[in-house]
There are 2 protein chains.
Amino acid sequence: MMNMPRPTSSSPTPPHSFSAHIEHQLDKATALCTQQGARMTAQRRDVLGLILTHAHPVGAYDLLEELKTAGRRPAPPTVYRALDFLLEHGLIHRIERLSAFIPCTNLRHCSHTHEHSEACLHTAQFLICRDCKTVTEIADTTVLETLKHICKNENFVIQSTSVEVEGICAHCAAKHSATHPSKEISSQGA
Amino acid sequence: MMNMPRPTSSSPTPPHSFSAHIEHQLDKATALCTQQGARMTAQRRDVLGLILTHAHPVGAYDLLEELKTAGRRPAPPTVYRALDFLLEHGLIHRIERLSAFIPCTNLRHCSHTHEHSEACLHTAQFLICRDCKTVTEIADTTVLETLKHICKNENFVIQSTSVEVEGICAHCAAKHSATHPSKEISSQGA
DNA sequence: GAAGAAATGTAATAATATTACATTGTATTC
DNA sequence: GAATACAATGTAATATTATTACATTTCTTC
């Protein structure tokens, strides 16, 4: 029963298979982990892969469901442990307002594996669209610089930050004004 | 039996009684609501009063418990509805990372009732101490200005923001170095 | 004082997250 | 290559936070 035909021998259960593109990102992530002396196990890889397949933030229990289809029946701690690991190693972000998770953009556009975690800390800022649920990670260091400055003045030792902006993205805003050609601001849909 | 010596007559159940100081803040809050055409009911006043009595962020279910001692047996929606109201009117903030609530500082130091909600939007930035759990609201407009600028560039319509910095506050940092034999003041009750 | 709107009461349940402990897998040392 | 120690995972139960749906009450306005 234990004969899994896996040359590299790493998983008791076969991992999900993802698109070549995502597999590539997963390989990058694995390299980052190795570099940090951390182990990218099959479980963690699967969770990260699933997060990467989503265009939008994913909740822990969504991931749990998706893991189940693989023939396994994991429980919440399985997912939360993987998420904790991925968070710790800067591979994903948690969107506080949504209790959901997205990949770090640096992973998506990965080429510079070196100052990855540094960059992650610097750019953990998000625009959340209430309409289409898309979350965009902002590449801007000004906000963090300001926060650092403030904290320095207050002698506050900064460990982590979250900056989240909720509103309507350009695309959805355009959609709306297209739907209502004449009147724009009068309707309040909530 | 129904003779509550309350001129304005608003509560079916007697509201909590708070310290003069907090009552004063509650009066301010009530004034702000009136100004906005909103009703500060006994229920909402009680919840806000309870939040004001806490030195630290309070969870919804903590508030629920505290409301119960008054002889009532409210259910979660009661508290959440009050919280929603208080949030909408800029009287409290929700700390996303803690799923907890704190009064808006403008309420604590209230004298300028006029541009209250404006100011609130501008300063919804918090320093969260992991050690003593104290949350400090930062009075700084730079961060929001930066965010506005970014959003303008992206054509993102900004509706609300949260900026949270987690770390160790000056006081706790000092406490820690005081643990190591040297100098510094070390007395403090939570 | 009746109609309609706002607020509250109530029961049930959904969604998110953690604890505690047993088991398995992996790396290392002898 | 067995013994060990530690990291990772499995599993069951439960804690915490939040919402839905609908009945009832209260308030405002006419």
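Throughout, a chain's letter reflects where its sequence line sits, starting with A, and its residues are numbered from 1.
D:dT19 atom P lies 14 Å from atom CG of B:Leu64, rounded to whole Å. The nearest whole Å value for the distance from the CZ atom in A:Arg97 to the P atom in D:dA18 is 13 Å. Whole-Å rounding puts the A:Tyr80 OH to D:dT9 C1' distance at 17 Å. Nucleotide D:dT16 holds its P atom 11 Å from the CD atom of B:Glu65, rounded to whole Å. What separates CG of A:Asp46 from C1' of D:dT9 is a distance of 13 Å, to the nearest Å. With rounding to whole Å, A:Leu83 atom CG is found 10 Å from C:dT18 atom P. One interatomic measurement links the two molecules: CG of B:Leu67 to P of C:dA7, which rounds to 18 Å at whole-angstrom precision. The distance between atom CE of B:Met40 and atom C1' of C:dA6, rounded to the nearest whole Å, is 16 Å.
Judged by distance alone, the side chain of A:His89 and the main-chain N or O of A:Phe85 form a donor-acceptor pair under 3.5 Å.
When the side-chain nitrogen and oxygen atoms of B:Arg94 are compared with OP1 and OP2 of D:dA18, one or more of them lie within a distance under 4.0 Å. For the OP1/OP2 pair of D:dT9 and a distance below 4.0 Å, the side-chain nitrogens and oxygens of A:Thr41 include at least one atom meeting the criterion. Distances shorter than 4.0 Å separate some side-chain N or O of A:Thr78 from OP1 or OP2 on D:dG10. In terms of phosphate contacts, A:Gln43 brings a side-chain nitrogen or oxygen within less than 4.0 Å of OP1 or OP2 of D:dG10.
Between B:Ala82 and A:Gly59, the one whose closest nucleotide on DNA chain C sits nearer the 5' end is B:Ala82.
Considering only the side chain of B:Arg39, D:dT28 comes nearest among D:dT28, C:dT26, C:dT8. Distance from the side chain of B:Pro77 is smallest to D:dT20 among C:dA17, D:dT20, C:dT8. Of all nucleotides listed (D:dA18, C:dT8, D:dT9), D:dT9 comes nearest to the side chain of A:Arg44. Counting only heavy atoms from C-beta on, B:Tyr61 has its side chain closest to D:dT17 among D:dT17, D:dT9, C:dA17.
Shown here for A:Ile168 and A:Ala173, the closest heavy-atom pair between the two residues is CG2-N, 3.6 Å. Taking all atoms of both residues into account, the shortest heavy-atom contact from B:Arg94 to B:Glu164 is O-OE2, 4.0 Å.
Using a 3.5 Å distance cut-off with no hydrogens or angles, the side chains of A:Ser160 and B:Arg97 do pair a donor with an acceptor. When only modelled atom types and interatomic distance are considered, A:His54 and A:Glu66 share a side-chain donor-acceptor pair under 3.5 Å.
With hydrogens and angles ignored, a donor-acceptor pair under 3.5 angstrom links the side chain of B:Arg81 to the base of C:dG9.
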